[in-house]
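Accompanying notes for the structure given below.
Numbering of ligands and ligand atoms starts at 1, following listing order. It should be emphasised that the depicted structure is a prediction, and the values quoted were computed from it without experimental measurement.
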Amino acid sequence: MSRCILVLPGDGVGPEIIAEALKVLAATETRFQLGLTVQEGLIGGASIDVHGVPLTNETLAQAAQVDAVLLGAVGGYQWESLDIAIRPEKGLLGLRAGLDLFANLRPAILYPQLASASTLKPEIVAGLDIMIVRELTGGIYFGQPRGIRVCDDGQREGFNTLVYSEAEIERIGRVAFTTAQRRQGRLCSVDKANVLEVTELWREVMTNLGREYPDVELSHMYVDNAAMQLVRAPKQFDVMVTTNMFGDILSDCASMLTGSIGMLPSASLNAAGQGMYEPIHGSAPDIAGQGIANPLATILSVAMMLRHSLASADAAVAIETAVATVLDSGLRTADIVSDGTEQVTTAEMGDAVAAAIRKQ
Ligand code: NAD
């Protein structure tokens, strides 16, 4: 069966980390005969520079046709003065909304080799394995009305709308409950139900849904407490489910538990199982072009893509094992280097993972 993926490198470190992910994919293809066809396209600032918009209708249509999208990152200083409606980040939001990728899975796993790279004490983070399920196509990032207006007194005011329908809450809830069923069976729903009516509804829907999943232990936590608990005692969590903005913030917080934001992959899925796969970090313009970005989050995103959208779990495991092998060998990019390890470039890290796959 011929399967097709669309690769969108994007901006900043995007093309650098995608190049390494494609090296690893090529090594995996050779070993597992995946029969993949790879198409490439533009998104974000790279698309603005050529087409004037961060996501063209053609690219969106192309993305809708393929089995999966592999994305680098978007954004950069040179596009920051543009109107917010056509900034690079809008391309990403357009892709998420256009493909209805409502379920964002963000694993935060601490590789034992990196326990000392975390800013938290090793005993707090050793063995960490959390899955954050973030709602991705609703909430305040998409709610209408939104904008900046001039009030009667001449002052400007900015406004956004945080809105969730019951159906939106229920469908992300189901993804979270079934994810918990495949793990340790514990789900923590994060909200701000003491202040925001929309998350009062969120809590009610999650509680009702919980009756359909008696094998999952459901708990609720306010988002401010969840942020604190993530750095106080993160191993108490198995699966967390939350809104778009809370998930955005909490997953960046969780990333630091694992040593670096450069280690964390993500999957964004729609109801048909079609997915977009990307590292959770941005385009890191501060380090772009220096060959020091960590490509492992993107490489691990390829593993998630093989598992969730391409039904190639064995190939996914091969990539994850190769990453562990390379970390065991002491190779580290600048963001995770520590005493007794060897610093390598972005490309050298990609070469090492690809070589580890060939040697398995
Ligand atoms: P960022 O994630 O790009 O960078 C935050 C910090 O982490 C920086 O110091 C960066 O150097 C470091 N970092 C990120 N990825 C790394 C990697 N692979 N290896 C080593 N270090 C890494 O977030 P930011 O600085 O807030 O945003 C930069 C740009 O990225 C902005 O334009 C923002 O809008 C965009 N952004 C895009 C996405 C996306 O494409 N999914 C996500 C977040 C931010």
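When non-hydrogen atoms are compared, ligand 1 lies under 4.0 Å from the backbone of N294 as well as from its side chain. With a heavy-atom cut-off of 4.0 Å, V74 touches ligand 1 through backbone and side chain alike. Contacts between E278 and ligand 1 below 4.0 angstrom, taking non-hydrogen atoms only, involve the side chain exclusively.
Which of T298, D286, I292, D252 comes nearest to atom 9 (O) of ligand 1 through a heavy atom is settled by distance: it is D286. Between A284, A297, P88, it is A284 that holds the heavy atom closest to atom 3 (O) of ligand 1. Of the candidates G75, S283, G10, G76, the one placing a heavy atom closest to atom 30 (O) of ligand 1 is S283. The residue from A73, P279, G282, G44 that puts a heavy atom closest to atom 36 (N) of ligand 1 is G282.
Ligand 1 is never approached by I17 to a heavy-atom distance shorter than 4.0 Å.
For A293, no nitrogen or oxygen atom sits less than 3.5 Å from a nitrogen or oxygen atom of ligand 1, counting backbone and side chain alike. The shortest N or O to N or O distance between S260 and ligand 1 is not below 3.5 Å.
The contact set between ligand 1 and L92, taken as ligand atoms under 4.0 Å from a residue heavy atom, comprises 39 (C), 40 (O), 41 (N). Listed by number with element, the atoms of ligand 1 under 4.0 angstrom from any heavy atom of G262 are 17 (C), 18 (N). Every atom of ligand 1 is numbered from 1 in the order shown, and the set under 4.0 Å from a heavy atom of P285 is 28 (C), 29 (C). Against a heavy-atom cut-off of under 4.0 Å, I287 is close to the following atoms of ligand 1: 11 (O), 20 (C), 21 (N), 22 (C).
A cation-pi arrangement is present between R171 and F102 under the rule of less than 6.0 angstrom and at most 45 degrees off the ring axis. In this structure, R146 fails the cation-pi test against F159, since its NZ or CZ atom is not both closer than 6.0 Å to the six-membered ring centre and inside 45 degrees of the ring normal.
For atom 13 (N) of ligand 1, the closest heavy atom belonging to the protein is I261 CG2, 3.7 Å. In terms of protein heavy-atom proximity, atom 31 (C) of ligand 1 is nearest to E89 OE2, 3.7 Å.
Protein heavy atoms come within 4.0 Å of atom 1 (P) of ligand 1. Distance remark: protein heavy atom not present below 4.0 angstrom from atom 24 (P) of ligand 1. Distance check on atom 44 (C) of ligand 1: some protein heavy atom falls below the 4.0 Å cut-off. Within a 4.0 Å radius of atom 27 (O) of ligand 1, the protein contributes no heavy atom. Put simply, atom 5 (C) of ligand 1 has no protein non-hydrogen atoms near it, under 4.0 Å away.
For the 3.5 Å distance criterion, the side chains of S255 and T258 fail to qualify, holding no donor opposite an acceptor. Side chains of S260 and H281: a donor-acceptor N/O pair is absent below 3.5 angstrom, by distance only. Side-chain polar atoms of N270 and D100 form no donor-acceptor pair below 3.5 angstrom. Counting only N and O atoms by type, the side chains of Y141 and D248 include a donor and acceptor under 3.5 Å apart. There is no side-chain donor-acceptor pair under 3.5 Å between D67 and Q274. Under the 3.5 Å distance criterion, with hydrogens and angles disregarded, no donor-acceptor pair is assigned to the side chains of Y164 and T199. With no hydrogens or angles considered, a side-chain donor-acceptor pair links D215 and Q181 at under 3.5 Å. Between the side chains of W202 and S189, at least one donor N or O sits under 3.5 Å from an acceptor N or O.
Taken from CG in L196 to CG in L201, the straight-line distance is 12.0 Å, to the nearest 0.5 Å.
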Salt bridge (charged side-chain N to carboxylate O under 4.0 Å, His left out) evaluation trace for R307 with E320 = CA-CA 11 Å; R307 180 174 288 117; E320 287 157 357; 2.8 Å; yes
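When side chains are defined from C-beta on, R332 does not count as touching Q343, because their heavy atoms never get closer than 4.5 Å.
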